[in-house]
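A note on names: the letters A, B, ... follow the listed sequences, proteins ahead of strands, and every chain is numbered from 1.
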Amino acid sequence: MRLTSDAIMVQQKAKGEALKRFFSNHPYLISFAVLAVIATIINPDYLTYTSLSTLLKQSAIKGVIALGMTLVIISGNIDLSVGAIVALVSGLGVVVFNTTESIVVTLLFCSLFGSILGWINGMFITKGRIAAFIVTLATMSAYRSIIVQIGQGGPFNVDMNVLSAITTVVNGRTLGVPHLALIFVFLAVAMHLLMSQTKFGRYVYAVGSNEEAARLTGINVHRVKIITFCIIGALSGISAFLLIGRLTSITAVNAGIFFELDAIAAVAIGGAAMSGGRGRIAGTFLGAIMLQMIEGILIAAAIPPFLNGLVKGIIILLAVLFQNKKSD
Amino acid sequence: MRLTSDAIMVQQKAKGEALKRFFSNHPYLISFAVLAVIATIINPDYLTYTSLSTLLKQSAIKGVIALGMTLVIISGNIDLSVGAIVALVSGLGVVVFNTTESIVVTLLFCSLFGSILGWINGMFITKGRIAAFIVTLATMSAYRSIIVQIGQGGPFNVDMNVLSAITTVVNGRTLGVPHLALIFVFLAVAMHLLMSQTKFGRYVYAVGSNEEAARLTGINVHRVKIITFCIIGALSGISAFLLIGRLTSITAVNAGIFFELDAIAAVAIGGAAMSGGRGRIAGTFLGAIMLQMIEGILIAAAIPPFLNGLVKGIIILLAVLFQNKKSD
Amino acid sequence: MRNIVKSFGATRALKGVDFTVTDAEVHGLLGENGAGKSTLMNILGGTYNQNSGDIIIDGKDCSTLDTNTSFSLGIRFIHQELNLVNDLMAYENLFLGREKTSQYGRLDKLAMIQASTAVFKRMNVDIDPLTEVRDLDTSQKQLVEIARALLFDCKLIIMDEPTTALTNKEISNLFDIIRSLKNEGVSVIYISHKMPELFEICDSYTVFRDGCFIQSGAIKDIDEHIATELLVGRKIDSDEVVKPANTNSSVMDINALSCKPYFRDVSFSLKKGEVLAITGLFGDGRGELAECLFGARHTTDGEILINGKVSKHRRIKDAIDASIAMIPRNRKERSIIPDMSIQDNLSMASFSNNGNSLFVRKPQERERFSRCQKNMNIKSGHPDNLITSLSGGNQQKVIFSRWLELDSDILILDNPTQGIDVGAKFQIYHLINQLSEQSKSCILFSSEFPEIYQVADRCLVMYMGQVNTILSREELTEMNVMYYATGSNLEVKNAINQ
Amino acid sequence: ETETTTKTLAVVMPNATHGFLGESIKHAEAATKEFAEAKGYNYKFLTSAEASEQNNQLDTLINEKVDAIVLWPHNGDELRSGAQSVLNENIPLIVYDRLITGMEPTAEVLGDNIKIGEMAGKYLNKYFADTKDPVNILEFKGDNSTVPQQRSDGFYSTAKKKIHVVQQFDTGWQRATAQDQMENFINSRDADTVSSIKAVFTHDAEVAAGVLMAIKSYDGPKKLNIKLVTSVSLPKELLENFEPYQSDTGIDQVGYSFSPAMVRDAIQKGIDVLDGKEVSGQYLIETEEVDNSNVNAYRDGNTFKIRYSL
Ligand SMILES: Nc1ncnc2c1ncn2[C@@H]1O[C@H](COP(=O)(O)OP(=O)(O)OP(=O)(O)O)[C@@H](O)[C@H]1O
Ligand SMILES: Nc1ncnc2c1ncn2[C@@H]1O[C@H](COP(=O)(O)OP(=O)(O)OP(=O)(O)O)[C@@H](O)[C@H]1O
Ligand SMILES: [Mg+2]
Ligand SMILES: [Mg+2]
């Protein structure tokens, strides 16, 4: 009798340990639960199917960039130029689409051009040995300037005759699920596999955690960093493609503006360490959704417009504070 | 004969070594020299006394913040909320000035209130254990929201009857030197002494370079970080005070907007390591001036307005690239 | 310290140990890797707080210590891993947290520099207080750590493996200082896995095993064999390892390799199945030589031939592709990836260098871990735990396994047994011999003569960045090594020339 | 059932990044509250940082099945598909201040930006009618979105050939930026170019305030000959300064009304739709020209009073 109850105790303790470990590995789940509860209290219908799929769809465009930002931040860097990359790629993407009238060519162009812009960042950072913050601050200004100059004649508009082609692809639904949501989920799964199942993923963590040690195990640190910037560039390009489909008109001065801040915020809320070495794609995925949920909460709670920023700031701080306290 | 010429060689080599070491310790001097040459080529009058004092005067408002940003960055953190602090403090500062009609009270209010806002950042970062990036991103949004709500979107205007009191203090000259320039130089010297001559300065470097080692020697790491945030808050408050004098009307929605980016850029161009541990006030001081010089160059060279961003980005990258190559 | 208990989550590092140090004694603390030595010292130094148990210092209860109270009680702690601020100068590190100031709180730099110079002089080491710590060598960094403890008056110095990176000369300097401190009434707790050191310097000893107190007494009552048995808990045969004969074909030829200003004109050849030791004193350029052989540092002149062919050696990957592996010194800064699990740390070199597969295969990694854990006797919790949850010695074993897994033909071992306990050391020596039997070659960078003597076929002695001599197995005596490492032969030559 | 549920008006705006937007939002929110409460309607008031976020908000509102939407697009065309899906759901849509090409919302309420530019051009022609040499001026643009584009286009369509733009500036609508740029211009260009400038054409009152401040506080050796500064939107602070600047520095000013209170008209149209009134087509808001001659009259007028009624 004694023995069995002890055994149960031990078992329960082990279970408790495992659960604790699970939550300390996935702290963002806590923030997510908190936000979901708040949202449901404010609007009981919030988590119905439409809202959920709308939420996914709405988080997609910035969320896709946040996936790439996760890699960049884990590797110990940062990318402030993503918003400008979106502007530059989407502006020219409209031109490409109007000219070629081909979805596939446009998508290829966007991801390729995006990754070239990312590659430029990566080269300055590694070969030029300049901090990522300052490189991408400079290219943020430079990339946007280029498209603003090109776009002096006004916005880049998708031609009316080809418009429906891209809007059906981006804004359409398959089996009732919005394509934007599908694309976001698909890319999130792909990036998750990249980070958790491949050697490259391990290199990214290693480089961000101890660059010198990573170098001494034969990892080509420069190449790893450059690839992370190419990936975030390509994802920003895909985001630009989605933006074209969603907006059908791109204004150079403010397309993609502040996307970098939202992407970084998603990564941070998703539990990654800003100093590198730690973070998860799943966290960022939920982080991006959480940011969108906060927007929903602001609307549902009818916060006065000028106070939105205050409430949003407080919610973000609370969400992150809460997950830190729990993961002790 | 042999001997003496050898001795001279050795001496010269030693001189060369010392010079090399000096430049590798102060790489920003190279960027500064390059920019000064470019500026002079474009406009031979550029470095006249008037221009120089104007340059100092123009760099003062953002430069004062950059001084504080140097401490924050050396300690391994970052502060994105300074622009919002400037907005909040300057908005309320106008109210305080209109009410009390006292320069001294307003200045005290600005620096004190600023340091309280910085202290809040510091508390979240240290006690709440949240990354500085995410805390100050949240407070950037929150602080600005508060002042926009108070001002209901409209401007805060200095009353006509007290206006001249503050404009003479801020925009006036003493012995032909603009007060803004004097204040900037004074604060730069004070911060330089703080960082190079006091225990606290040492601790800031130690915390940014190896936090664990600093903690193990008994340094109160949290306190050091909080103080750096109080200092940058107070300096942002002083910057807000200067802004009141310079603009005499504060639009809450965009006062101080993007100041954080300029302040960080000044620190980076000034040669500090974005990852912490290294940096100098003298570098930041020149960095702030360089940024202002770039603006001047853009205008003197009559760069088309929408290409300014591109040229500015390129100049910043080149300046930093150049100093890295030299300091090998 | 009485009945101290300390747990990290599920692991109980200390299961109620007692520990006593008296005035003016050098107390050796012995135990296998992971026995809990560092943990106990961290509690005494105020880095951690114990879960239960009392600490009594000079008869007063001091059970809740933090780093500052511990310091003000006169306790100095030299940590097992380096804890220096690389961006500050040597003297700034020495005084960090206790700066001298003149009036108005202004730093008194001159006084601090003078005091630093004095400490270095007392330690008989040549370090300029004004150099940035980043530019110091690993051994110099360890000396700075030691100097920091000697700077102010104190009552007790804890030395947690202070000599892992030091050369014999530096160690004997350190021992002189310890003796003079003892005469001034200062006590020292001395942790080391190097038995001869313990027997040379300690007065008394305490042995831990698995977080438990085992035995305590005067050092003169035991000998190396008894000590080893006590800490391992069983008999081990530390008989001399038998060297197999090696073939004559060379796998690696170094021709006039230079990396100025660190070393120049280094030439030697490494034979198949041979263990070549490289030793010297500080400033001989060995560290840089190891890096150059591994492609981690660019050479300025000369060439490296692998199996008779010139190897590019521009990048580390070139060296690894030429079947070279290297275990670097300074584990914390150059080997450990602190945010990754034990298992990933173990597999890291295999990821980057084995096969073309893009994916990580979990079962394979798990299997690799259990194999290595068994081979190297790694004491660890779950393989998914962070590497930082291991004791220093166990971390080193993981790093050792990381490189053995590559199955390279040439192994560069730069101070490979740093922090590894006696039992495991012999295991490693056996391992090196096994490698020789499999016709693999090793280059062992070490300054521990017993270690060199255990495994080396030949010993290359460097002096001031140049090869002074290569000693054969027959010529290999401690006397000889010292003679060439200090460059005495050259002085004689110079004397004759003049 | 529809009879018993109260109707909801949704107002979707950019968030405030500029004084003009700030004041507009204040008016819009006050008007929404005032008008909706008077009629017993529910309302929602949303702001956003950029266009894709604004599209997201439209999605949310469609999901929530609101009864009418007043939309101030960040730029215009990029809201086309969002606006179209609103109309597809048969939700009435009032678009404010920006044109969305290629679609017809229920109604549009617009200020006339082209007209503002045209009037400024004509004013300069008249003001410098007696000057024979080319009249050198500077242009301080807002940014490069449609609104400043229209103001520039209008200006160039009427300004005579002899009016010559020496340099353009992209201010991002920021007063501090404009002030810096003007100071930099005076400092970094050669004395001849600087003294050849006769007028400054700006897109905004805050920008103009920055330019004026830079001119006023310049005390270097170069000679300034600026006679006229133009602006748009006519806030109180600027109008109060017409006279002092005239007497201190001899600079004349002319401004064009573009009141943040105009947004009230758009809200009113939204309420009208809920009331079941017929609302359709384009409503252009009249532009008034104000210089030293009529500044006092304008300050006593209706536009001004409504603007500062809150
Ligand atoms: N931070 C930590 N988290 C979890 N476990 C830890 C931590 N630090 C130490 N341990 C565990 O505590 C035990 C004792 O470790 P300790 O570092 O005291 O060993 P040690 O005797 O100093 O060994 P070595 O000779 O290898 O340095 C080990 O099992 C180790 O895995
Ligand atoms: N950064 C540097 N600049 C100039 N000279 C240096 C520098 N670092 C080392 N040296 C010199 O190069 C020589 C070789 O030093 P090195 O650091 O290679 O010694 P080491 O062999 O690695 O020492 P140990 O074996 O004790 O670690 C010494 O004469 C040293 O003074
Ligand atoms: Mg230990
Ligand atoms: Mg070395």
Choice from Asp190(D), Val166(D), Asp219(D) maximising heavy atom contacts with chain B below 4.5 Å: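 Of the options given, most contacts go to Asp219(D).
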Glu295(B) versus Asn184(D), side-chain donor and acceptor atoms under 3.5 Å: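 Distance-only check fails for Asn184(D) and Glu295(B).
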Considering all heavy atoms, the nearest [X]-[Y] contact:
X: Gln167(D); Y: Ala302(B); result: NE2-CA, 3.5 Å
X: Gly19(D); Y: Thr251(B); result: CA-CG2, 3.4 Å
X: Gly154(B); Y: Glu23(D); result: CA-CG, 4.3 Å

Can you tell which part of [X] gets under 4.5 Å to a heavy atom of chain B, answering side chain, backbone, both or neither?
X: Asn15(D); value: neither
X: Pro260(D); value: neither
X: Gln168(D); value: both

Roughly how far, to the nearest 0.5 Å, is the [atom2] atom of [Y] from the [atom1] atom of [X]?
X: Asn187(D); Y: Lys57(B); atom1: CG; atom2: NZ; answer: 8.0 Å
X: Glu206(D); Y: Asn254(B); atom1: CD; atom2: CG; answer: 5.5 Å
X: Asn308(B); Y: Phe169(D); atom1: CG; atom2: CZ; answer: 9.0 Å
X: Lys216(D); Y: Asn171(B); atom1: NZ; atom2: CG; answer: 9.5 Å

Step-by-step side-chain contact (heavy atoms from CB on, under 4.5 Å) determination, Met160(B) to Asn241(D): CA-CA 10 Å; Met160(B) 281 297 169; Asn241(D) 274 321; 4.1 Å; yes
Which atoms of Arg144(B) approach chain D - backbone, side chain, both or neither, heavy atom under 4.5 Å: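 For Arg144(B), no heavy atom lies under 4.5 Å from chain D.
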Heavy-atom proximity to chain D below 4.5 Å, by part of Leu247(B):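 Contact with chain D: backbone and side chain both.
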Positions in residues 170-183 of chain D that reach chain B, provided some heavy atom is under 4.5 Å away: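 The stretch touches chain B at Asp170(D), Trp173(D), Gln174(D), Arg175(D), Ala176(D), Gln179(D), Asp180(D), Gln181(D), Glu183(D).
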